[in-house]
Amino acid sequence: MAEMVKDIVGRCEALFEDLHFDAVKQWKAAVPGRKAIGYMPVYVPREIVHAAGMLPVGIFGGGDQMEVIQGDAYYQSYICRIPRSTLELGLTGRLDCLDGMLFPSICDVIRNLSGMWQILFKDKYVRYVDVPQNYLDSVGGEFYIHEMQVLRDDLGKLAGKPVTDDALRASIAVYNENRRAVQDLYAYRAQKPWQAPTSEVYLVIRAGMVLPPEEHTKLVRDYIAAAELENRPKRDNARVVLTGSFCEQPPLGLIKSIEMSGCYVVDDDFGLVMRWLLDEVPATGDPLLELSKAFLHRSNQQASKYDEKKEDKGKLLVHSVKFYGAEGVIFAAPSFCDPALLERPMLQDVLAKQKIPYTAFKYAENTGQMAPIREQAGTFADSIKLWSAA
Amino acid sequence: MSTPIQMMPSQPSKKPAPKVQKEDAMWLQKEMINANYHELATAHERGKKVSATFVPGNLNELVMCFDFARSLPETNALQNGMRKKSGKMIMDAERDGQSEDVCTYVKADLGMMLGGEIGPTGEKLPTPDLLLLSYTGCFTFMKWFELVRQKYNCETVMLHTPYQGDGKISQSMRDYVVKQLKESVIPTLERVSGVKFDIDRLRQYMKESARAEDDLVKVLQSAKNRPSPIDGYFGAVYYIGPMFTAFRGTPEATQYYDVLRKEIDARVRDKKGPITPEGELTEEKYRLVVEGPPNWTSFRDFWKMFADEGAVVVASTYAKVGGVYDLGFRHDPDHPLESLAEYCLGCYTNMNFPQRIDMICRYIEEYEADGLLINSIKSCNSFSAGQLLMLREVEKRTGKPAAFIESDLVDPRYFSAANIKNRLESYFQMIKQKRSVAGAAVAAH
Amino acid sequence: MRCFIGIDLGSTTTKAVVIDAQQNVVGRGITNSRSNYDTAAQIAKQEALVNTRFHLFREALAKSGALNGSLEDFLAQLERDFRLEQFLVQLSDLETTSIRNTEGSRFGDASKAVASALTEIFKRLTTEAPELFAPGAKRKSDFFRDIAGSRYLAIGDEVAKQGGVRYDMLCNVFDRSIIEVENRVYGDAISANLLAALDRTFVAMPETASRGDAVREPIKSVLDTALEETYTVGTGYGRARLPFSKEHIRSEILCHGLGAHMMHPGTATVLDIGGQDTKAIQVDKHGIVESFQMNDRCAAGCGRYLGYIADEMNMGLHELGPLAMKSTKKIRINSTCTVFAGAELRDRLSLGDKREDIMAGLHRAIILRAMSILARSGGIRNEFTFTGGVAKNEAAVKALKDLVRENYGELTLNINPESIFTGALGGATFAYRAVVEEGKTVEAR
Amino acid sequence: MITTIGIDIGSGAVKTVLFRQDGDKVEWLAKRVERIRQRSPMELARWTYDEVLEEVKLRPEDIQYTATTGEGENVTFATGHFYSMTTHARGGVYLCPEAKAVVDVGALNGRAIFIDERGKVLASKMTSQCASGSGQFLENIARYLGVAIEEIGPLSQTSKDPEKPSSICAVLAETDVINMVSRGIATPDILKGIHLSMASRLAKLLKVTGIKTGTVLLTGGLALDTGLLAALQEELVNEKITGIQAVSHPDSICAGAIGAALWGAFRHEKLRQLEQRAAA
Ligand SMILES: Nc1ncnc2c1ncn2[C@@H]1O[C@H](COP(=O)(O)OP(=O)(O)O)[C@@H](O)[C@H]1O
Ligand SMILES: Nc1ncnc2c1ncn2[C@@H]1O[C@H](COP(=O)(O)OP(=O)(O)O)[C@@H](O)[C@H]1O
Ligand code: SF4
Ligand code: SF4
Ligand code: SF4
């Protein structure tokens with residue numbers, strides 16, 4: 001019998017709420033000697049971790065259910081929340097199941113956190129994963145391949161055996177599958193947002209942070225199938241693209257509030273790691289070269305990545321609005337997030353030129369008060385709905 | 001990056017101003033800075049192109065090879081901060097859609113543009129012909145120039161400096177930067193300026209740089225004396241100005257540092273303390289190491305809080321944002337591009353956390369400081385995110401007390417004098433109390 | 001008698017402590033901080049000196065044996081009577097002031113009606129006053145502003161309904177007049193009030209009246225003893241505004257550290273939650289501060305937060321703790337922003353959460369923030385002393401106990417009933433040391 | 001003919017209005033404004049609803065649409081809910097047809113709404129969390145200074161030398177005010193200072209929404225505060241946004257409720273058309 005949406009989402013929710021990462025522990029316990037490597041948003045080449053026989057684990061902050069004490073001790077009030085809760089996870093031993101942590105190049109906060117992690121967790125593997133902002137294969141590409149090679153060598157050492165090209169190619173194929181499933185999920189939601197509400201889609205995506213990719217791919221496919229069987233009422237909601245939440249994630253309550261106030265989210269940038277590379281990475285040829293090419297030429301656009309030309313700014317966002325048939329854009333950025341908040345005016349400028357309506361607000365992963373958010377999102381939806389015909 | 005300042009605050013104070021004391025070198029510096037603003041303002045009428053770039057890891061020598069006039073937006077912002085103009089600029093930028101949460105240097109700059117590009121000296125600054133986006137040590141730089149590009153459609157060229165994530169500069173990082181210089185930066189500079197690249201010209205500038213760098217290091221290290229003849233934070237801001245900005249590599253800068261070093265040598269011989277805006281400091285009661293940029297909008301008041309208590313800053317990390325010369329780096333005319341790459345990669349905020357902590361601990365020891373003071377800047381995640389760990393580690397490793405205050409670079413709303421004074425006073429009284437107990441314990445034996 | 005006085009001018013309350021030449025605490029006084037710091041300091045000091053006299057009465061009467069057995073009852077009664085006398089004096093001042101404030105054109109035609117309503121209110125207030133000071137009576141607070149205020153408003157509501165005057169007007173007169181009244185110092189009235197109180201006490205406790213002279217004698221002699229203000233040290237947030245020279249001022253960090261040490265000599269870590277700031281202080285075994293941390297510029301989660309909550313719920317500050325203690329369900333509150341506390345509260349109430357549970361969540365949220373500041377300062381070491389006004393709040397204490405146990409295991413947690421006076425005690429001890437150990441004399445103001 | 005009720009549940013007050021619409025003729029039949037003051041907003045909503053019905057002698061079944069706004073999403077007897085900015089925009093146009101923007105200043109938040117002549121929201125902006133410029137803050141300070149709410153405006157306007165509180169946080173601003181009092185700053189100067197700092201926030205909001213010329217209507221409770229209105233006008237001049245004229249209306253506090261009632265009618269009509277179409 002096919003699984004029900006309720007069961008699938010229930011499982012995802014349990015994984016999401018488990019701040020002790022039992023799923024990771026279980027995976028490790030199943031075969032002695034297995035290792036798990038954590039990574040922070042936005043993007044790391046998980047293929048390399050996977051090819052080393054390890055489980056890549058997405059560490060996306062602590063959400064709104066965790067009390068943060070130690071983490072707050074290290075950060076001033078004007079710094080976003082995700083590094084605090086991540087530190088809290090580490091300092092309270094919740095990340096002991098990880099054998100290493102990867103800190104992608106996304107902003108100064110995460111960058112500095114990589115050094116703090118080196119000091120606080122001396123016996124763990126810690127690496128800052130730099131990515132190029134120069135998109136020439138011979139310049140940025142070479143640098144990036146070298147960065148990936150270092151990671152590959154390090155993980156090989158950690159695993160006790162080198163990471164082979166074949167293993168890498170196999171992992172690329174696995175992640176191609178996963179990416180396709182996730183893209184299908186996004187396409188399905190955009191088509192029938194009432195059948196696959198974002199509060200569920202989000203949980204399904206988050207499950208991919210702790211599950212092995214093969215298992216996650218199946219879960220995503222199961223969810224799509226199960227959602228199709230549901231009979232859910234279609235509401236008179238406005239279709240929006242949500243952007244700005246690529247790093248610190250909003251609380252689930254916020255996502256629900258946006259939907260409750262009359263919006264269907266048809267595209268978003270949660271858990272971007274899964275959709276960072278835009279299409280298939282060839283699973284033949286030199287794997288690091290292919291990964292590098294995909295990054296340089298066919299990857300997502302987001303605030304921490306340089307846009308070479310002025311004309312490129314906002315291209316993908318506008319494309320997403322058109323592609324998914326959205327009626328407006330909601331900018332939802334974490335408070336004190338320099339990349340997202342500095343990017344915002346530029347994107348708004350682009351949207352205004354295209355006459356795409358937008359609204360904007362800030363949140364923190366532990367925002368408790370939803371009234372102002374409902375009000376802004378609701379007003380936005382109202383204005384789209386009341387005037388769409390006019 | 002929180003950038004060096006280039007001029008004595010010319011703020012008319014309300015009381016009939018007590019004679020502001022300055023060293024000769026400070027006057028010299030002031031002239032240089034004003035001249036540069038004038039040159040910048042008239043660049044276009046004189047047929048010169050203008051290039052804007054950031055302070056940390058700036059390629060001044062290289063840019064000079066193409067006859068560009070150099071504009072440093074961070075310096076403009078801080079100059080506007082000192083002249084109390086930044087508050088309005090920031091508000092203007094916020095009204096234009098910028099968030100309250102983000103770096104105020106960016107907003108001060110954007111605000112200045114909205115207000116007609118009137119620079120700190122009152123002259124209208126030209127729109128840059130080229131944005132040289134070398135974003136060493138801070139991601140905000142990238143957004144900054146993207147924002148400027150969005151408004152002015154300027155030609156932009158990126159120089160990506162990888163971060164010293166594991167505390168060292170690898171060959172791959174060096175190659176990457178050199179390659180970018182060769183394949184994108186230099187060709188763009190050539191194209192925009194119409195001047196052909198001449199590597200010998202570059203070598204010549206770098207020779208000048210290296211000489212001046214030697215003198216600067218001597219000046220900064222003079223603070224190891226007791227009493228220290230300089231203030232290594234507030235005073236250093238004036239000393240690093242030319243070096244970190246549009247002057248490095250020019251003969252004027254070399255001459256400036258020569259004059260400066262001689263002045264400081266004389267002060268050391270005479271066992272004199274540093275000159276503060278309130279006059280010469282006669283009694284050195286506390287020696288501190290400071291981490292983090294200063295506040296510009298209340299620079300003098302801030303300095304006074306230290307001077308009034310007899311506190312001298314003997315070393316600061318901020319005096320290294322434009323190059324950590326005291327750890328040995330010099331521009332090297334024999335390997336010009338490699339040395340530029342090395343320079344970019346080695347800037348203070350491009351160092352990782354363990355390195356930054358090591359450096360501070362070393363300063364505390366070598367400069368015989370009583371403790372560490374962190375001025376945490378709301379704007380600057382690059383500096384500030386993680387400073388509290390720094391504080392704890394330094395305390396642990398040196399056994400010296402550390403204190404923490406908060407302000408902002410150029411946003412006057414975030415400078416709360418009462419709050420900062422309260423903390424500083426408590427900190428100094430604590431050091432004093434500890435000392436007297438230690439003294440009593442010694443006496444008792 | 002030589003008195004060493006510490007005054008802690010806080011943002012919400014002003015406290016004074018008197019110690020004698022043997023470093024015994026002989027008097028404590030407290031008042032609400034108000035717009036006039038000087039007055040607040042004077043009143044607190046005066047209260048402390050009155051309290052000192054009571055202390056001396058106790059000693060003198062105990063020595064003379066005039067009240068064998070009923071000494072404590074007698075003194076308690078005397079104190080209540082004294083407070084009542086004081087209250088009546090201030091009340092009549094308030095009445096005169098209020099009536100004056102209704103005159104003129106403010107209320108136009110209504111001013112007559114307002115005046116007669118006022119007369120009625122004050123008549124009732126005066127009549128019921130003794131009840132307020134009866135043994136075991138519950139009062140909203142001990143400050144005149146609060147006691148008189150809450151009763152005035154309650155009676156005013158009734159009178160307004162009966163008399164056809166608008167309630168708003170009555171509130172307005174009160175708000176205006178109370179400021180004037182509370183900024184007056186009734187210096188000369190103390191002896192007179194005491195003697196008047198003594199008469200009341202004899203009436204209330206007739207059995208003591210028979211020994212009237214034997215009782216009166218020692219009291220008179222105490223009243224005749226001059227309390228010499230040998231040395232005063234000021235501290236607290238408002239210390240800079242005290243009319244003292246720098247020699248007489250210490251940072252509140254040092255005072256809290258030392259005060260906590262004086263109360264509990266084993267103290268290693270001190271947490272102080274006051275109205276606008278939270279401090280974590282580490283002290284050595286002599287009470288010398290080793291390091292400290294304070295909340296950053298955001299005042300979220302400090303005592304004033306509870307004040308806003310109390311206002312929102314229309315409750316007294318000391319009622320919040322008991323309400324929260326009734327909680328049976330854990331609710332997580334994430335925001336400790338003081339300003340939006342009310343909104344969050346309403347949000348929760350509308351979601352159907354119970355008041356007591358929300359209250360418990362709020363208290364835990366405050367303590368969570370304090371725990372972070374403690375962690376910042378280096379963690380909690382044994383023994384741990386909790387000081388400041390919030391230490392009076394049992395729910396805050398419970399949350400603290402829970403969190404300390406969860407994070408640090410079993411530790412000795414000191415909470416002194418007089419914790420609010422810690423800073424002032426530290427100040428008084430500094431005053432003592434200045435004279436006795438450093439041979440200082442009072443500097444001319 | 002459509003009869004509708006609009007209920008605006010705020011954090012400071014509950015506002016309820018009753019409207020009747022007949023073709024183009026719009027009639028405002030009843031209103032109630034109740035300060036909440038420790039009472040239950042939900043009960044007040046019901047009570048004021050009953051009161052307005054009573055006033056025009058109607059029964060619940062005579063009402064075609066009851067629309068809530070503000071914090072009224074959970075009102076059980078309502079037909080539908082509209083969000084505050086939507087309703088303030090519509091209410092604003094009703095009260096002041098030439099308004100190009102509405103600035104709503106309530107107990108906790110400020111909102112600037114840029115509208116077109118039909119009350120459509122073109123752009124909007126709310127004050128962020130950290131706000132000392134809220135009505136509640138002003139109320140607290142007024143209490144501290146011994147000034148009644150109605151007196152704030154007139155007093156503020158007598159100020160010669162206003163003193164702005166420096167802090168961005170209400171708690172710290174409170175200390176600032178305390179310090180001002182002890183420095184002997186006169187009450188009107190303090191009030192005006194607060195007004196100016198609130199006004200500069202509002203001006204900033206307005207600027208962000210992009211309005212350059214025309215009339216701006218203040219709505220919400222603080223619209224009654226003439227001092228704030230004057231300060232806003234001054235700030236606009238300071239900011240060289242001289243094309244804007246800030247005005248208030250005696251019924252400004254009801255704007256949200258009015259908007260709700262009018263949108264209710266609009267929606268009712270639309271729903272009816274949809275039904276007819278479905279039936280056909
Ligand atoms: N009786 C009481 N019960 C509970 N809390 C109290 C009581 N008295 C004072 N407080 C709390 O203590 C705070 C004031 O603490 P205090 O240490 O006097 O601060 P400050 O030194 O800043 O004036 C108040 O804001 C209040 O939260
Ligand atoms: N006459 C007045 N003058 C100035 N302010 C007033 C007046 N009447 C009410 N207010 C203010 O209006 C606020 C309530 O406004 P309102 O728009 O109803 O807010 P909300 O919608 O959040 O309840 C109160 O905080 C009060 O301070
Ligand atoms: S939320 Fe923004 S500022 Fe914070 S770590 Fe993520 S990208 Fe950096
Ligand atoms: S964040 Fe810091 S380094 Fe970056 S631009 Fe701002 S002040 Fe400079
Ligand atoms: S308003 Fe709230 S969040 Fe803002 S600074 Fe004040 S207490 Fe902190």
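Lettering follows sequence order; numbering is per chain, from 1.
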With a 4.5 Å heavy-atom cut-off, do B:Pro401 and B:Lys434 have their side chains touching? yes
Taking the side chain as everything from C-beta on, heavy atoms only, tell me whether B:Gln98 gets closer than 4.5 Å to B:Leu110. yes
If the contact rule is any heavy atom under 4.5 Å from chain B, which residues of residues 420-436 of chain C qualify, in numerical order? C:Phe430
Chain B: which of C:Gln293, C:Met294, C:His286 shares the most heavy-atom pairs with it under 4.5 Å? C:Met294
Do we see a donor-acceptor contact under 3.5 Å between the side chains of C:Asp8 and C:Thr14? no
Does one side chain, of C:Gln282 or C:Ser291, offer a donor that lies under 3.5 Å from an acceptor on the other? no
Cut-off 4.5 Å, heavy atoms of chain C, and the answer for B:Leu391 is side chain
Are any non-hydrogen side-chain atoms of B:Met390 and B:Phe353 less than 4.5 angstrom apart? yes
Residues in residues 251-263 of chain C that sit under 4.5 Å from chain B, counting heavy atoms only: C:Ser251, C:Glu252, C:Ile253, C:Leu254
Measuring heavy-atom distances to chain B, does C:Glu290 have an atom under 4.5 Å in its side chain, in its backbone, in both, or in neither? both
Is the distance from the ring center of B:Tyr348 to that of B:Phe383 below 6.0 Å? yes
Gap between atom OG1 of C:Thr235 and atom NZ of C:Lys15 - 0.5 Å precision: 9.5 Å
B:Phe306/B:Trp303 aromatic ring centres below 6.0 Å: no
For B:Tyr286 and B:Phe428, I'd like to know if the aromatic rings sit close, meaning centre-to-centre distance below 6.0 Å. yes
Between B:Phe415 and B:Phe302, how do the two ring planes meet: parallel, tilted or perpendicular, split at 30° and 60°? perpendicular
Find the distance between OG (B:Ser99) and CD (B:Glu94) and round it off to the nearest 0.5 Å. 7.5 Å
